[in-house]
Undergrad: 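If you scroll down you'll find the structure; I have some questions about it.
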Amino acid sequence: MPELPEVETARRLTDSHLRGRTVARVDLRLPKVLRDSPLPDPSVLVGATVEGARRRAKVMAIDFSNGVSLMVHFKLAGQWAILLPDGQRFVAGHPVPKPDGEYPHKSTHADIVFEDGTIVYYSDIRQFGWWRLMPTADVEASFEAFGFGPEGVGTPLDPKPLIATMARRGIPIKTLLLDQSFIAGLGNIYVDEVLFRARVHPATPANAVSREKAKNIIAEIPWVLEQGIAQGGVKIVHSIAYPIDGFPAIHGREGEPCVRCGSTIVKTKVGARGTYYCPRCQKLPRKRATAMKEPVTMS
DNA sequence: TGCGTTGTTTCACC
DNA sequence: CGGTGAAACAACGC
């Protein structure tokens, strides 16, 4: 579930509540969390102080005073819970374990304990997420190696290259928007929101999206991601959305009324991903009177 | 109990 | 080699 807004929330919490704190110990109960790590021993962080956290796409990197950085990818179900000595807690990422529940949970695989008693609990019910430790000097190159496209939020998006790519790709627009090398940060939830707001059917071939709609899509990306960040990430449990102030408006709302036209929201599959859309607001462009059910292979 | 789940990678193929 | 789509993969809950 963690997409860009959830990771950005974790980053901000780390920046504001962990900066300046010194690591007393790291308890890694599930060693495979730290896999493919240039520095294999988590105790390298002991005695080091948090200097800050950054983010590229859905990856967070925490920089420490000893020249080491911790890179974290939350994948499907990672969660970052910070508990301060005074009992305050701040949670970002997946809603399981329950943010107000007991820690450590059975899926809490690592703790970073600080000298003042602050603890970060890292949980992941799917165990797909990972940590990597590396010299801070290598973080930029490591980010580069992912081949991410432009950030979907934070810096102005240049629509030109994006529109150009859309014009020559025949894959569903949703699939293209999920491609992190096209644009960085959208996942299955926020991409549905972008296409709903732009009124584009998610299975529309990218090169069949009109220029105007393409501009709309690109304009909606930062809006949707900012909205997600403002909410500290959205809550979706077992594919059911718990919207706040009407957001998310489409994802996880199968069978419920479209906030715009009242039509019943439909769930389908696009590129093997669960996809929600409004059948009235988001029409496939009619080239011919062609099929409308499944994505069609074009030769 | 097999299916659904998602971000990412890999593979076969044109 | 690039675009594409399908499949694989991680592990678990329901």
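In what follows, chains carry the letters A, B, and so on, assigned in the order in which the sequence lines appear, proteins first and then strands, with residues in each chain numbered from 1. Predicted, not measured: the structure shown is a model, and the values here were computed from it.
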Undergrad: For the pair made of OH in A:Tyr276 and C1' in B:dT5, what is the distance, rounded to whole Å?
TA: 10 Å
Undergrad: Rounded to whole angstrom units, what separation is found between the CZ atom of A:Phe128 and the P atom of B:dT9?
TA: 15 Å
Undergrad: Would you mind reading off the distance between A:Leu178 atom CG and B:dT5 atom C1', rounded to a whole angstrom?
TA: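 After rounding, the gap between these two atoms is 14 Å.
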Undergrad: Decide whether a cation-pi geometry holds between A:Arg25 and A:Phe114; the criteria are a distance under 6.0 Å from NZ or CZ to the six-membered ring centre and an angle within 45° of the ring axis.
TA: no
Undergrad: Please state how far atom CG in A:Asp124 lies from atom C1' in C:dC9, giving the value in whole angstrom units.
TA: 14 Å
Undergrad: Looking at A:Glu220 and A:Lys215, does any basic side-chain N land under 4.0 Å from a carboxylate oxygen?
TA: no
Undergrad: With a 6.0 Å cut-off on the ring centroids, do A:Tyr121 and A:Trp80 count as close?
TA: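 Not under 6.0 Å, so no.
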Undergrad: Would you say A:Lys32 reaches C:dA11's phosphate, i.e. side-chain N/O to OP1/OP2 under 4.0 Å?
TA: yes
Undergrad: Answer yes or no: does a side-chain N or O of A:Gln180 lie under 4.0 Å from OP1 or OP2 of B:dG7?
TA: no
Undergrad: Using atom CG of A:Leu176 as one end and atom P of C:dG2 as the other, report the distance to the nearest whole Å.
TA: 17 Å
Undergrad: Find the distance A:Lys75:NZ to B:dT6:C1' and express it as a whole number of Å.
TA: 9 Å
Undergrad: Without decimals, in angstroms, what is the distance between A:Ile189 CD1 and B:dT5 P?
TA: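 In whole Å, B:dT5 P lies 12 Å from A:Ile189 CD1.
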Undergrad: Less than 3.5 Å between a donor and an acceptor, one on the side chain of A:Arg273 and one on the base of B:dT8, is that the case here?
TA: yes
Undergrad: Would you confirm whether the ring centroid of A:Phe90 sits within less than 6.0 angstrom of the ring centroid of A:His17?
TA: yes
Undergrad: Give the rounded distance in Å between these two atoms: NE2 of A:His109 and P of C:dC12.
TA: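 Atom NE2 in A:His109 sits about 7 Å away from atom P in C:dC12.
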Undergrad: OP1, OP2 of C:dG13 versus side-chain N and O of A:Lys106: anything below 4.0 Å?
TA: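 Yes.
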Undergrad: For B:dG4, does OP1 or OP2 lie under 4.0 Å from any side-chain N or O of A:Lys267?
TA: no
Undergrad: When you measure from the side chain of A:His251, which nucleotide among B:dG7, B:dT6, B:dG4 comes out closest?
TA: B:dT6
Undergrad: Which listed nucleotide (B:dT8, B:dT5, C:dG5) is nearest to the side chain of A:Pro172?
TA: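 Comparing B:dT8, B:dT5, C:dG5 against the side chain of A:Pro172, the answer is C:dG5.
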Undergrad: Would you indicate whether the side-chain heavy atoms of A:Arg21 and A:Thr49 approach each other to under 4.5 Å?
TA: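 No, their side chains stay 4.5 Å or more apart.
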Undergrad: Less than 4.0 angstrom between a side-chain N/O of A:His73 and OP1 or OP2 of B:dG7, yes or no?
TA: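 Answer is no, no contact under 4.0 Å.
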